[in-house]
Amino acid sequence: MSGDPTDFYRGLGVRVGFLRPSGGTRKYFTLDGVLLEAVLASTVSGQQMAYREFLSTLYERYGLLTGGRPEDADLLLGEGIDQVTVEDLRENSAALRQQLVAMGWARAFADGVMTVQLPNGGQA
């Protein structure tokens, strides 16, 4: 890596699995595996949270945008990021929802409501 701080952080992000190549020179950010579980464990308390509340907490604590909040698109545009469409944001949020349910960190109900919680009621 060069001495450029951006190159250092990009390299670190790739090594820890937070930044992945998407083909060509573009990269995308992702949370999965142990890194996702660490973020979830530090965000979700012992009680259930509504999905929107969870997304707001992710943004407030870590500055992570998932596309699941109405204001996410405006925040990206405000920072000059205009390559992401509203459809991209919806797809990203849907993928996160599926992943949370599959990992046991969330429950989706028939009425569309989703809650995020510690797996197994917080028991190891």
Side-chain angles (χ1 to χ4, degrees):
M1 285 183 259
S2 72
D4 183 338
T6 302
D7 289 341
F8 171 78
Y9 289 120
R10 184 175 290 117
L12 181 62
V14 169
R15 285 191 175 103
V16 300
F18 184 60
L19 186 62
R20 297 194 178 179
S22 62
T25 58
R26 294 191 66 205
K27 296 192 183 290
Y28 66 94
F29 297 95
T30 185
L31 286 176
D32 58 11
V34 175
L35 184 57
L36 176 58
E37 289 205 27
V39 170
L40 290 170
S42 69
T43 304
V44 179
S45 65
Q47 300 179 18
Q48 293 181 357
M49 312 172 76
Y51 182 65
R52 281 262 171 103
E53 179 185 355
F54 168 71
L55 297 181
S56 292
T57 303
L58 278 181
Y59 178 70
E60 290 165 9
R61 286 194 189 163
Y62 304 110
L64 296 174
L65 295 177
T66 62
R69 303 174 324 140
E71 59 269 25
D72 287 356
D74 291 335
L75 287 167
L76 289 172
L77 283 173
E79 295 296 322
I81 301 170
D82 59 358
Q83 304 93 333
V84 179
T85 67
V86 172
E87 186 59 33
D88 292 335
L89 294 173
R90 285 187 186 130
E91 287 176 15
N92 193 62
S93 180
L96 177 62
R97 289 172 67 99
Q98 284 181 315
Q99 189 171 18
L100 291 173
V101 170
M103 294 173 62
W105 282 86
R107 291 180 56 195
F109 298 96
D111 61 0
V113 172
M114 182 170 170
T115 60
V116 181
Q117 62 199 16
L118 292 172
N120 302 320
Q123 300 174 13

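Note that CG of Leu36 and CE of Met103 are 4.5 Å apart. Values are rounded to the nearest 0.5 Å. How far OH of Tyr59 is from CG of Leu75: 4.5 Å, rounded to the nearest 0.5 Å. Note: Glu60 CD to Leu55 CG = 11.0 Å, rounded to the nearest 0.5 Å. Put simply, CH2 on Trp105 and CD on Gln99 are 12.0 Å apart, with the number rounded to the nearest 0.5 Å. For the atom pair Thr43 OG1 and Met49 CE, the distance stands at 7.5 Å (nearest 0.5 Å).
Looking only at side-chain heavy atoms (C-beta outward), Val39 and Arg61 stay at 4.5 Å or farther from each other.
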Let me have the donor-acceptor pairs involving side chains of residues 64-71, under 3.5 Å, with sequence neighbours excluded, atom names and distances please.
from: Thr66; atom 1: OG1; to: Gly68; atom 2: N; distance (Å): 3.3
from: Arg69; atom 1: NE; to: Asp72; atom 2: OD1; distance (Å): 2.8
from: Arg69; atom 1: NH1; to: Glu71; atom 2: OE2; distance (Å): 3.0
from: Arg69; atom 1: NH2; to: Asp72; atom 2: OD1; distance (Å): 3.0

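Connectivity analysis of hydrophobic side chains (ILVMFWY, heavy atoms under 4.5 Å, direct or indirect) links Val113 to Phe109.
Listed by chain and number, the residues in a side chain to side chain donor-acceptor pair (under 3.5 Å) with Tyr51 are Ser93 (sequence neighbours excluded). Applying the side chain to side chain contact (heavy atoms under 4.5 Å, CB included) criterion to Gln47, with sequence neighbours excluded, gives Ser45. Gln48 is linked by a side chain to side chain donor-acceptor pair (under 3.5 Å) to Gln117, counting only residues two or more places apart in sequence or in another chain. For Ser42, the side chain to side chain donor-acceptor pair (under 3.5 Å) partners are Tyr62, not counting sequence neighbours. Judged as a side chain to side chain contact (heavy atoms under 4.5 Å, CB included), and not counting sequence neighbours, the contacts of Val84 are Leu76, Ile81, Asp88, Leu89.
Applying the salt bridge (Lys or Arg N to Asp or Glu O under 4.0 Å) definition to pairs two or more places apart or across chains, none involves residues 96-114.
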